[in-house]
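Note that the numbering runs from 1 along the sequence shown for the chain.
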Amino acid sequence: MIDNGAAKMQTVTPQAQLMKMSLAYGVSRLLHVAAELNLADYLADGPHTAEELALQTGTHAPSLHRAMRALSDLGMFKEDRDHRFSLTPLSEALKSGASGSVRSTVLMLTGDLFCRAMDNLLYSVQTGKTGFEQAFGMSFFDWLENHPEQASMFSETMVGYHGPEHAAVASAYDFSEFETIIDVGGATGNFLATILARHPQPRGILFDVPHVVRDAPGLIESCGLANRIRIEPGSFFDHVPTGGDAYLLSQIIHDWDEGHCLNILANCKRAMKPGSRLLIVERVLTDGDARHPAKRLDISMLVLTGGQERTEQEYRELLDKAGFRLARVVPTESTVSVIEAFPA
């Protein structure tokens, strides 16, 4: 027998879909509340009621219960008959310090910094300029340089956001033939450490601006790689370390407009020796109407940094302008690919 009620529930009209999409910001704000209040940490020792949690978080108990009930409907928590809330696999990933925790990532992506920028999306579409600069009066990366605590949180955000991709790239591409890998704009070194942990032969140079690499020694030492990674502070707009066998640009090119990209690539080319390879790790957009998560990430680039995601052909054209030849695109088990190029 067909359950007509269930069938009706599964039929979603275009109007209903649009309403759901319009309310998506509410989900984001609920996630921000859960992360900001450290609710997952308070539930780590077992179930609690909203009243108990309100005492620990300094919140209004009835309102907190409503928020947690809504979060439970999203699968974030589980509510029992006694109105006690407990953790689920989703909220386990929000615990501070837990392996694979994305709390810093959620706080950054749902916080004031990103939300105020996204509030200016219409401005970006109308002008081609960043919503971030409209909201904060300076570029995204200049703002981070002037706010070191937020810069550190952004580095943690990128580890949480891109973490699974690192292992996928280290598995898909053979780095074992290189002696020296230079991670250009490599932040705190998480990606480089992942590669070297899998491939024992290469050594690495981590290159990024001083206020970013200041957080790198702790991470590198915790991975047991302090004797294989040298940290070198500097800006890829000024120069890039010389003598590498592979120059890694992971999630860098999509941050910048064409002019800045050509500057970065020119500095890489200038530093490369004969036989060196350029390895760009990015999401490669699909053509036409094929779905791809990077098509939405591209809007974040528009609003935050003025950069963009690109198709394979667009990367080929960019590299050609910079004096490189795109050799191949290596897919991985994640959404990113390795774009391999050589000086032309």
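In this structure a side-chain-to-backbone donor-acceptor pair under 3.5 Å is present from Lys269 to Gly323. Under the 3.5 Å distance criterion, the side-chain polar atoms of Asn267 are matched with a main-chain donor or acceptor of Phe236. Thr194 contributes no side-chain N or O that, together with a main-chain N or O of Ala167, makes up a donor-acceptor pair within less than 3.5 Å. When atom types are taken as modelled, the side chain of Ser124 and the backbone of Lys129 share a donor-acceptor pair closer than 3.5 angstrom. Ser28 contributes no side-chain N or O that, together with a main-chain N or O of Ala24, makes up a donor-acceptor pair within less than 3.5 Å. Judged by distance alone, with hydrogens and angles left aside, the side-chain atoms of Ser171 form no donor-acceptor pair with the main-chain N or O of Ala168 at under 3.5 Å. Between the side chain of His147 and the backbone N or O of Trp143, at least one donor-acceptor pair lies under 3.5 Å. With hydrogens and angles disregarded, no donor-acceptor distance shorter than 3.5 Å links the side chain of Ser91 to the backbone of Leu87.
Counted within 6.0 Å of CD on Glu51, heavy atoms from surrounding residues, nucleotides or ligands total more than 12; the atom is thus considered enclosed. In the displayed structure, Lys295 atom NZ is contacted under 6.0 Å by more than 12 heavy atoms of other residues, nucleotides or ligands. By the 6.0 Å contact criterion, CD on Glu149 is open, its count of non-hydrogen atoms from other residues, nucleotides or ligands being 12 or less.
Put simply, CD1 on Ile231 and CD1 on Ile220 are 4.0 Å apart, with the number rounded to the nearest 0.5 Å. Put simply, CG on Leu265 and CH2 on Trp256 are 13.0 Å apart, with the number rounded to the nearest 0.5 Å. Here the CD1-CE distance, from Ile182 to Met272, works out to 9.5 Å after rounding to the nearest 0.5 Å. In this structure, the separation between CG on Asp73 and CE on Met68 is 13.5 Å, given to the nearest 0.5 Å. Rounded to the nearest 0.5 Å, atoms CG (Leu55) and OH (Tyr42) are 11.0 Å apart. With rounding to the nearest 0.5 Å, the separation of CG in Leu53 from OG1 in Thr59 is 7.5 Å.
Residues passing the salt bridge (charged side-chain N to carboxylate O under 4.0 Å, His left out) test with Glu312, sequence neighbours excluded: Arg316. Qualifying side-chain hydrogen bond (donor to acceptor under 3.5 Å, both in side chains) partners for Glu221, counting only residues two or more places apart in sequence or in other chains: none.
Glu145 is not listed as a side-chain neighbour of Gln150, based on a closest heavy-atom distance of 4.5 Å or more. With contacts defined as side-chain heavy-atom distances shorter than 4.5 Å, the pair Val330/Ile339 does not qualify. Using a 4.5 Å heavy-atom threshold, the side chains of Ile195 and Pro202 count as separate. Within the 4.5 Å cutoff, the side chain of Ser72 has heavy atoms near those of the Phe85 side chain. At least one side-chain heavy atom of His48 sits under 4.5 Å from a side-chain heavy atom of Leu43. Ile299 places a side-chain heavy atom less than 4.5 Å from the side chain of Leu121.
The two atoms that bring Glu282 and Ile252 nearest to each other are OE2-N, 3.2 Å, heavy atoms only. Thr311 approaches Thr286 most closely through the heavy-atom pair CG2-O, 4.5 Å. His254 and Arg310 make their closest contact through CA-NH1, 4.2 Å (heavy atoms, listed as atom of the first residue, atom of the second, distance). In terms of heavy atoms, Ser276 sits closest to Gly244 at OG-O, 2.7 Å. Between Pro293 and Thr335 the shortest heavy-atom distance is CG-CG2, 4.0 Å. Closest approach of Gly204 and Leu196 over heavy atoms only: N-CD1, 3.8 Å.
Defined by atom type and a distance below 3.5 Å, a donor-acceptor pair is missing between the side-chain atoms of Arg84 and Thr49. Side-chain contact annotation: Asn190 with Thr188, donor-acceptor N/O pair under 3.5 Å absent. Side chain to side chain, Glu317 and Gln313 meet the donor-acceptor criterion of an N or O pair below 3.5 Å. In the model, Ser96 has a side-chain atom that pairs as donor or acceptor with a side-chain atom of Asp41 under 3.5 Å.
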Practice problem: Go through Tyr173 and Val281 one step at a time and tell me if the side chain to side chain contact (heavy atoms under 4.5 Å, CB included) criterion holds. | Solution: CA-CA 11 Å; Tyr173 191 90; Val281 178; over 6 Å; no
Quiz item: After noting the C-alpha distance and the side-chain angles of Asp208 and His211, does the key distance pass the side chain to side chain donor-acceptor pair (under 3.5 Å) rule?
Solution: CA-CA 8 Å; Asp208 212 326; His211 73 273; over 6 Å; no
Quiz item: Arg277 and Glu177: salt bridge (charged side-chain N to carboxylate O under 4.0 Å, His left out), yes or no, with the steps?
Solution: CA-CA 11 Å; Arg277 277 179 241 181; Glu177 59 186 290; 2.5 Å; yes
Quiz item: Can you list the steps and then say if Asn227 with Arg203 is a side chain to side chain donor-acceptor pair (under 3.5 Å)?
Solution: CA-CA 9 Å; Asn227 63 332; Arg203 304 179 72 84; over 6 Å; no
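Leu94 is connected to Val27 through a chain of hydrophobic side-chain contacts under 4.5 Å among Ile, Leu, Val, Met, Phe, Trp and Tyr, so both are in one cluster.
Listed by first and then second residue, the side chain to side chain donor-acceptor pair (under 3.5 Å) pairs involving residues 318-328 are Glu258-Lys321, Arg328-Glu340 (not counting sequence neighbours). Within the structure, every pair that satisfies the ring pair (Phe, Tyr, Trp, His ring centres under 6.0 Å) test and touches residues 180-210, not counting sequence neighbours, is listed here: His166-Phe191, Phe175-His199, Phe207-His239. Residue pairs meeting the ring pair (Phe, Tyr, Trp, His ring centres under 6.0 Å) criterion with at least one partner in residues 283-332, sequence neighbours excluded, do not occur; the list is empty.
Ring centroid separation for the pair Phe237 and His260 comes in under the 6.0 Å cut-off. Separation of the Phe140 and Phe154 ring centroids falls under the 6.0 Å cut-off.
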Mind listing the side-chain donor-acceptor pairs of residues 110-117 below 3.5 Å, one per line with the distance, residues two or more places apart or on another chain?
| residue | atom | partner | partner atom | Å |
| --- | --- | --- | --- | --- |
| Thr110 | OG1 | His32 | ND1 | 2.9 |
| Thr110 | OG1 | Val106 | O | 2.6 |
| Arg116 | NH2 | Ala135 | O | 3.0 |

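Taking the charged nitrogens against the carboxylate oxygens, Glu36 and Arg29 have no contact shorter than 4.0 Å, which rules out a salt bridge.
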